[in-house]
Number of protein chains: 2
Amino acid sequence: MFDKFMEMEPEKRERIVQAATKEFALKGYKNASTNEIVKEAKISKGLIFHYFNNKKQLYLHLYDYLTEVIVTEYLGKLKNDEPDFLKKMGQAALVKLELFRKHPMIFKFFLTAYVETDPEVREEVAGRNQKMVETNYPKIYEGVDYSNIREDIDKEKAVSMIIWALEGYANSKSGVFRNMTEKEFGDMIVEISSYMDILKKCFYKSN
Amino acid sequence: MFDKFMEMEPEKRERIVQAATKEFALKGYKNASTNEIVKEAKISKGLIFHYFNNKKQLYLHLYDYLTEVIVTEYLGKLKNDEPDFLKKMGQAALVKLELFRKHPMIFKFFLTAYVETDPEVREEVAGRNQKMVETNYPKIYEGVDYSNIREDIDKEKAVSMIIWALEGYANSKSGVFRNMTEKEFGDMIVEISSYMDILKKCFYKSN
DNA sequence: GCACTATTGACTACAGTGGTCAATAGTGCT
DNA sequence: AGCACTATTGACCACTGTAGTCAATAGTGC
């Protein structure tokens, strides 16, 4: 069923994926309308039920597919040989921003899915999300060295605060993100590195 | 109309406010159902349209009412004579957590309202929010002294990062918040102050 | 031209919506 | 008691939108 879907004309398939992603992202599982999806994707009503038996299967297959797309791209771009914790975090933040810029709707989809409450899919989504975290988060922190962090502060707390600071920066930009020019994106990278410098001054040994 | 509503039997009024808050908070403007609200509030369908001509007025009056409740309580609890920036931020974070714990649904309501997209109320909500920020944010930062921040880092960036760190902490707790005992809440306050100590060590002059 | 799959879109049965309104209950006043 | 007035009820309505079906058609490869 889903195999058939993956084998269809890629252009049309991509239209369907994008339409469904957008609809579920903006309205959540229950209020997303299959009618809207087929209208946006410019296919007939019947076709979507030919490839996916029902709305639930469409949603879950889409969830899996988008997870794979993002995880693959994320891990692909993340350098694996950066031991310094701060540099690694800075790099991870950049990669995330890049991906967020490239796939805003997919990120919105996962944000919506994360707070999904409809009983028809709630558990399935939570399970998939947990599994994804367990599988991939360790890969990010693998081989990272925390020994540069100041001795006089709790390492774990320092790590959390650094992550929160970078998250806060990303959130503060998320509104103006979509219409950012290449130059503005470049400026942002410079700005991030100035934040990284501050973090280094504050949380690292001053050697 | 709304005056009449405020004069009705407080217990019943509170039932209506809570039911409407919950429904709009969980489903957003469009998908919130007046039928559900009256069912939850244990009143008849007609009554809600007796006090509020239509769904839109109900929503906007509720928005204004809840804004006043939260703003009044927040400013009332916030000490006005704390000049030290870090202490003030720590105190503001605590007050926010306290309020969040006391009124989780109201916070959820505003979170949902913040991303409201329905054209019927979108502009009104955005306008109200902007006005509220303009009116009240200056009150928080009034008379605060930033001179203790280290000279070798950009003050504005330091301020942002401190705020982001505290926000990050609050977010990390927001999941386990509702079922927190009094003791756990106390532990959390201790934990916050240990984070505050770290922030002080990192961002303040070391004198 | 046959066998097969991909695709269409009108159609259905249904669930749920915001809002109405005639009827009733309750309250305070004379 | 009886009048005037408001608070409250809930059956009802016209309407919108839903997920999913299915007979019919288009397209493709042999």
Side-chain angles (χ1 to χ4, degrees), chain A residues 1-17 19-63 116-122 124, chain B residues 1-17 19-63 116-122 124:
Chain A
M1 210 103 247
F2 185 61
D3 312 343
K4 278 276 160 59
F5 176 70
M6 291 310 287
E7 280 163 17
M8 80 193 288
E9 191 196 333
E11 200 181 284
K12 188 189 280 188
R13 192 184 67 206
E14 195 51 30
R15 260 180 11 237
I16 297 172
V17 167
T21 303
K22 183 175 169 187
E23 184 72 6
F24 285 121
L26 297 180
K27 305 194 189 163
Y29 177 74
K30 185 165 184 188
N31 294 118
S33 159
T34 52
N35 290 340
E36 283 299 313
I37 293 171
V38 299
K39 205 203 291 175
E40 175 106 3
K42 283 167 190 148
I43 56 166
S44 69
K45 187 69 184 291
L47 194 58
I48 203 125
F49 289 98
H50 171 70
Y51 285 117
F52 307 91
N53 286 326
N54 52 47
K55 194 182 176 182
K56 182 174 177 178
Q57 283 202 23
L58 165 61
Y59 183 74
L60 293 177
H61 275 303
L62 183 64
Y63 190 100
E116 183 60 62
T117 55
D118 194 283
E120 201 163 336
V121 295
R122 195 188 145 78
E124 277 95 339
Chain B
M1 211 103 245
F2 187 60
D3 310 344
K4 277 275 161 61
F5 176 70
M6 291 310 287
E7 281 161 17
M8 80 193 289
E9 191 196 331
E11 201 180 283
K12 188 187 283 188
R13 192 184 67 206
E14 197 49 31
R15 261 181 8 240
I16 297 172
V17 167
T21 303
K22 184 175 169 187
E23 183 72 6
F24 285 121
L26 297 179
K27 305 194 191 165
Y29 176 74
K30 185 164 184 189
N31 294 119
S33 158
T34 52
N35 290 336
E36 282 299 311
I37 293 171
V38 300
K39 205 204 290 177
E40 174 107 3
K42 284 168 191 149
I43 57 167
S44 68
K45 187 72 183 289
L47 194 60
I48 203 125
F49 289 98
H50 172 71
Y51 285 118
F52 307 91
N53 285 326
N54 51 50
K55 193 182 176 183
K56 182 175 177 176
Q57 283 203 23
L58 165 62
Y59 183 74
L60 293 177
H61 275 303
L62 182 66
Y63 190 98
E116 183 60 63
T117 54
D118 194 282
E120 200 163 337
V121 294
R122 193 187 147 77
E124 276 95 339

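All chains are named by letter (A, B, ...) in the order of the sequence lines, taking the proteins before the strands, and each is independently numbered beginning at 1. In this text the structure is predicted, and so the values were computed from the model without any measurement.
- Counting heavy atoms from C-beta outward, B/Ile48 and B/Ile43 have side chains that approach closer than 4.5 Å.
- The CG atom of A/Asn31 sits 9.0 Å away from the CD atom of A/Glu23 when rounded to the nearest 0.5 Å.
- Here the side chains of A/Leu26 and B/Thr117 are not in contact, with every heavy-atom distance at 4.5 Å or above.
- The separation between A/Asn54 atom CG and D/dT21 atom P is 8 Å, rounded to whole Å.
- As the counterpart of D/dG27, C/dC4 is assigned, both hydrogen-bonding distances of the Watson-Crick or G-U wobble pattern falling under 3.5 Å.
- In terms of the salt bridge (charged side-chain N to carboxylate O under 4.0 Å, His left out) criterion, residue partners of A/Lys56 (sequence neighbours excluded) are, by chain and number, A/Glu124.
- Listed by residue number, the members of residues 20-33 of chain A with any heavy atom below 4.0 angstrom from DNA chain C form an empty set.
- In this structure, A/Lys55 places its NZ atom 14 Å from P of D/dT21, rounding to the nearest Å.
- Counting only heavy atoms from C-beta outward, the side chains of B/Val121 and B/Tyr63 never approach each other to under 4.5 Å.
- The NZ atom of B/Lys39 sits 13 Å away from the P atom of C/dG18 (whole-angstrom rounding).
- Whole-Å rounding puts the A/Ile37 CD1 to D/dT18 P distance at 10 Å.
- Within 4.0 Å of B/Asn35, counting heavy atoms only, lies at least one base atom of the nucleic acid.
- Remark: B/Lys4 is not positioned above the aromatic ring of B/Tyr51, lacking an NZ or CZ atom under 6.0 angstrom from the ring centre and at most 45 degrees off the axis.
- A/Thr21 approaches A/Val17 most closely through the heavy-atom pair OG1-O, 2.6 Å.
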Classify every nucleotide of nucleotides 3-10 of chain C by which part a protein heavy atom approaches to under 4.0 Å, writing B for the base, S for the sugar-phosphate alone and - for neither, in 5'-to-3' order.
---SBBBB
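- D/dC22: Watson-Crick or G-U partner is C/dG9, with both key distances under 3.5 Å.
- For the pair A/Arg13 (side chain) and A/Met6 (backbone), a donor-acceptor distance under 3.5 Å is present.
- Using bins of under 30°, 30° to 60° and over 60° for the plane-to-plane angle, the ring pair B/Tyr29/B/Tyr59 lands in the perpendicular bin.
- A straight line from CZ of A/Phe49 to P of D/dG20 spans 5 Å, rounded to a whole angstrom.
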